[in-house]
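One structure below.
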Amino acid sequence: MSTQTRPALHPLPTTLAAVALVAAGSLTVSSAPAQAAACNGYVGLTFDDGPSGSTPALLNALTQSRLRATMFNQGQYAAANPSQVRAQVNAGMWVGNHSYTHPHLPQLGQAQIDSEISRTQQAIAAADGGTPNLFRPPYGETNSTVKTVEAKYGLTEIIWDVDSQDWNGASADAIVQAAGRLGNGQIILMHDWSANSRAAIPRIAQGLTARGLCAGRISPQTGRAVAP
């Protein structure tokens, strides 16, 4: 509703004026957090090695901070904890393949690599996590044989741009600092089981917002973080 053609009126008290504008549809009262601001870029938050007993707390921390992330699940854990795979999806997360038993894939033959990847695809799908189109090789180790098997299953290989070092005992402060190095399209490595990464999440969210960045999905076309 336009109010530009109305004659001038005596000013209403501030509260009454706000109520009148809300009723007229001319004022939007925002209760959304700062994360709702426009995104000038996207980053990929990733958590490896789930699902586990830590997954519920991790999902709670992410949803409380209104962040979405990609969960690179191990097949053996997806098979053992299907309800947690469903919880990941229900919380708005994306699910990727992180092999079945987390071996050093370049040390294996093609048939073994195929088994690691295919069984994980099946375990995640059986747990209602969908059929992954992203694959993170354990330890970030890959070779031409791994890439051949990835292609067979329509998987895009995802490594990372920033290593949080949570696997190496990095403190929550250090993890927040690592996330502060992320640029548009880049991806950070964290782990499902890391209490320090979980503790860092609220400050990671604040840091991203301060820099005009938002948590996005990882594109299977480009392997980079993009808008959800």
Side-chain angles (χ1 to χ4, degrees), residues 41-52 55 58 68-82 84-167 182-193 214-228:
Y42 295 89
V43 300
L45 307 179
T46 67
F47 293 87
D48 288 8
D49 295 350
S52 71
T55 301
L58 173 60
R68 299 176 73 183
T70 300
M71 306 297 187
F72 283 104
N73 288 338
Q74 288 188 41
Q76 60 181 340
Y77 298 147
N81 302 284
Q84 292 306 323
V85 178
R86 288 191 288 274
Q88 290 171 338
V89 174
N90 290 339
M93 309 303 156
W94 299 279
V95 178
N97 183 324
H98 192 43
S99 81
Y100 203 84
T101 64
H102 207 274
H104 294 276
L105 291 178
Q107 298 177 12
L108 304 182
Q110 184 164 334
Q112 293 170 297
I113 295 170
D114 193 298
S115 175
E116 285 284 333
I117 290 177
S118 64
R119 285 189 296 157
T120 303
Q121 292 291 88
Q122 293 164 10
I124 290 172
D128 297 328
T131 300
N133 53 20
L134 304 177
F135 177 72
R136 171 165 286 162
Y139 313 103
E141 297 173 350
T142 188
N143 62 13
S144 59
T145 308
V146 173
K147 292 179 185 296
T148 295
V149 179
E150 291 167 352
K152 174 182 174 180
Y153 292 99
L155 292 162
T156 299
E157 186 176 277
I158 305 298
I159 309 296
W160 54 82
D161 300 287
V162 175
D163 182 350
S164 72
Q165 291 281 314
D166 61 353
W167 56 271
L182 285 168
N184 181 37
Q186 292 191 325
I187 295 164
I188 185 170
L189 167 69
M190 293 178 282
H191 290 81
D192 170 279
W193 46 262
C214 296
R217 68 181 178 88
I218 299 174
S219 166
Q221 285 74 42
T222 65
R224 310 304 290 159
V226 297

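Small disclaimer: the values here were computed from a predicted structure and weren't measured.
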Item to check | Evaluation steps, side chain to side chain contact (heavy atoms under 4.5 Å, CB included), between Asn81 and Thr55 | outcome: CA-CA 10 Å; Asn81 302 284; Thr55 301; over 6 Å; no
Next on the checklist: Test side chain to side chain contact (heavy atoms under 4.5 Å, CB included) on Arg136 and Leu189; report intermediate values, then the result.
Outcome noted: CA-CA 10 Å; Arg136 171 165 286 162; Leu189 167 69; 3.5 Å; yes
Checklist entry - Run the side chain to side chain contact (heavy atoms under 4.5 Å, CB included) check on Arg217 and Val226 step by step: do they pass? => result CA-CA 6 Å; Arg217 68 181 178 88; Val226 297; 3.8 Å; yes
Item to check | Test log, rule side chain to side chain contact (heavy atoms under 4.5 Å, CB included), inputs Trp193 and Asp49 | outcome: CA-CA 7 Å; Trp193 46 262; Asp49 295 350; 3.3 Å; yes
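For the residue pair Pro138 and Pro103, the shortest heavy atom distance occurs at CB-O, 3.3 Å. Of all the heavy atoms in Gln74 and Thr101, the pair that sits closest is OE1-C, 3.9 Å. Across all non-hydrogen atoms, the minimal contact from Ile187 to Ile159 is CG2-O, 4.0 Å. Listed here is the closest heavy atom pair of Ser99 and Phe135: N-CE1, 3.6 Å. In terms of heavy-atom proximity, Ile124 sits nearest to Ala78 at CG1-CB, 4.0 Å.
Between the side chain of Arg86 and the backbone N or O of Asp128 there is no donor-acceptor pair closer than 3.5 Å. Here the side chain of Asp48 pairs no donor or acceptor atom with the backbone of His191 at under 3.5 angstrom.
Note: Thr120 OG1 to Tyr100 OH = 7.0 Å, rounded to the nearest 0.5 Å. Distance check: Thr46 OG1 to Asp161 CG gives 10.0 Å after rounding to the nearest 0.5 Å.
Side-chain atoms of Glu157 and Thr142 include a donor-acceptor pair closer than 3.5 Å. For the residue pair Gln121 and Thr131, no side-chain donor N or O sits within less than 3.5 Å of a side-chain acceptor on the partner.
In this structure, His102 and Tyr139 have perpendicular ring planes: the angle between them is above 60°, well past the 30° mark.
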